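As the structure is a prediction and not an experimental result, all values here were calculated from the model. Atoms within each ligand, like the ligands themselves, are counted from 1 in listed order.
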Amino acid sequence: MADVITKLKRDDDKAWFNVEWSDGYKARFPYVFLFDNCRCPKCFHPNSYQRSVLMANIDPDIRPAGHEIIEGGKVIQVTWPNGNVSPYPAKWLKMHQFGKKPYDPLESLEIKSWGKEKQQDIPTFNYKEVMEDNKVLYEWLVKLLTDGITLIKRTPGVEGVVAKLHERVSWTRRTIYGEIFNVITMYDACSLAYTAKQLGLHVDLPGFYQTPGVQMLHCIKQVDSEGGDNEFVDGLRVAEQLEQEYPKIFQRLTTMKVDFRTLGAEFVPYHTMTQRPVIEYDRNGVFQGINYNDGVRAPYWSLPVEEITEGYRAMKTFHRAMYDKRNCIYYKMEKGDMVIFDNRRVLHGRLGFEVHVKEGEESKTRHLEGGYLDWDGIKSKMRLLHEEIHGLERF
Ligand code: OGA
Ligand code: ZN
């Protein structure tokens, strides 16, 4: 009953239709929008959900040649000067609320920063359930989006789990480390990660224009002795604190561009370079992520020499804030654990450990396998799952 249109009135001054439903709901539909979104098979390709009409054939000043309510109000039909007759279901029209509702169902998920209390409360999921139950898969991805850090436990603890999770979620993200990388100790390491040294809090690959959105680290073997623990901090919380407590430093960290580079060779030779602020917001003030990694901070600055010392001072303040007791958490993975975190928002590090590797050799005294995902793929999967779970219609 609610999807029945009772009134359809032209307003040629405004170039829109005033439409009213039997339940009192009212909406306005610009003529050009309706022309552009004709659902007939000539204008719209239903298999691909894509429009075949080109902008070349769209006239922003178009006026309908005729209009009527048909099928007892379930559909309105508009005739255009080119003779095309376009039906618009009342239900379809009601789904369009210009400028009012976010069309992305993920927009209503609330992103909340966290501090040290997260240590006791890392959202934790069971591998088998994530792999077999779509509802659990969705719940896990929601937590990854809102909290930026999650833990999956009881994996088989062998190589191949990251690839299986890749496949479960979306397409993979290839980088200079390949699709899957193995964090083991190598004599000729191409990254500090492949040594036994401590890794300070960092995001991976800030020297890429498209830094990977999400990182997975899966523990196949953990060191028996001291060390090898991971540390994590929510960069969003650090940014919020600095804005409150050190506004001038915050201003510098959000505007000063720091140079990053990755240089070397693994299965391809590479040399990537970027210049990015440590704390990144978009033009609308929406937090985009953190660009910080001492290892790949370039040994040069593109800034004037007068700005360098202040630049270091600002980064030092940022560094202190990351390691502030209010913020930093620790977790020592064991075989069968996997941490999955937002690589743009949550910084990760590792405590050093003891292992001796001879020239030309490598050691699996500690062995993690890792991989990346991008948010395009993750969010795409989340929308499909949301649709499946809530039975929403596409339009
Ligand atoms: C990495 C990394 C952490 C670890 O490979 O990028 O940060 O625990 N590894 O080895
Ligand atoms: Zn890393």
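With hydrogens left out, the protein atom closest to atom 4 (C) of ligand 1 is Arg350 CD, 3.4 Å, a heavy atom. Of the protein's non-hydrogen atoms, Leu199 CD1, 3.8 Å is the one closest to atom 9 (N) of ligand 1.
Hydrophobic cluster membership is shared by Phe29 and Ile58, with clusters built from Ile, Leu, Val, Met, Phe, Trp and Tyr side chains linked at under 4.5 angstrom.
Between Phe33 and Phe98, a ring centre-to-centre spacing shorter than 6.0 Å is recorded. Ring centroids of Phe232 and Trp114 are separated by 6.0 Å or more, keeping the two rings apart.
When Glu369, Lys364, Glu362, His367 are each tested for a side chain to side chain donor-acceptor pair (under 3.5 Å) with Asn182, only one passes: His367.
Close approach of ligand 1 to Ala193 is summarised as follows: ligand atoms under 4.0 Å from at least one heavy atom of the residue are 1 (C), 5 (O). Each of the following atoms of ligand 1 lies closer than 4.0 Å to a heavy atom of His202: 6 (O), 7 (O). Listed by number with element, the atoms of ligand 1 under 4.0 angstrom from any heavy atom of Asn230 are 3 (C), 4 (C), 8 (O). Close approach of ligand 1 to Asp204 (heavy-atom distance below 4.0 Å) involves ligand atoms 1 (C), 6 (O). Close approach to Val183 involves these atoms of ligand 1, each under 4.0 Å from a residue heavy atom: 5 (O), 10 (O). Atoms of ligand 1 lying under 4.0 Å from any heavy atom of Gln215, numbered from 1 in the order shown and given with element: 1 (C), 6 (O). Within the listing of ligand 1, atoms 2 (C), 6 (O), 7 (O) sit less than 4.0 angstrom from a heavy atom of His348. The distance from ligand 1 to the heavy atoms of Leu368 drops below 4.0 Å at these ligand atoms: 4 (C), 8 (O), 10 (O).
Cation-pi geometry between Arg10 and Tyr31 is met: under 6.0 angstrom from the ring centre, within 45 degrees of the axis. A cation-pi contact, defined as under 6.0 Å to the ring centre and within 45° of the axis, links Arg39 to Phe44.
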Verdict with reasoning, Asp294 to His202, per side-chain hydrogen bond (donor to acceptor under 3.5 Å, both in side chains): CA-CA 7 Å; Asp294 281 324; His202 65 280; over 6 Å; no
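Met333 does not count as a contact of ligand 1, since none of its heavy atoms falls under 4.0 Å from the ligand.
Salt-bridge check for Arg320 with Glu245: failed, with every basic side-chain N at 4.0 Å or more from each acidic carboxylate O.
Rounded to 10 degrees, the NE2-metal-OD1 angle spanning His202 and Asp204 at the Zn ion (ligand 2) equals 90°.
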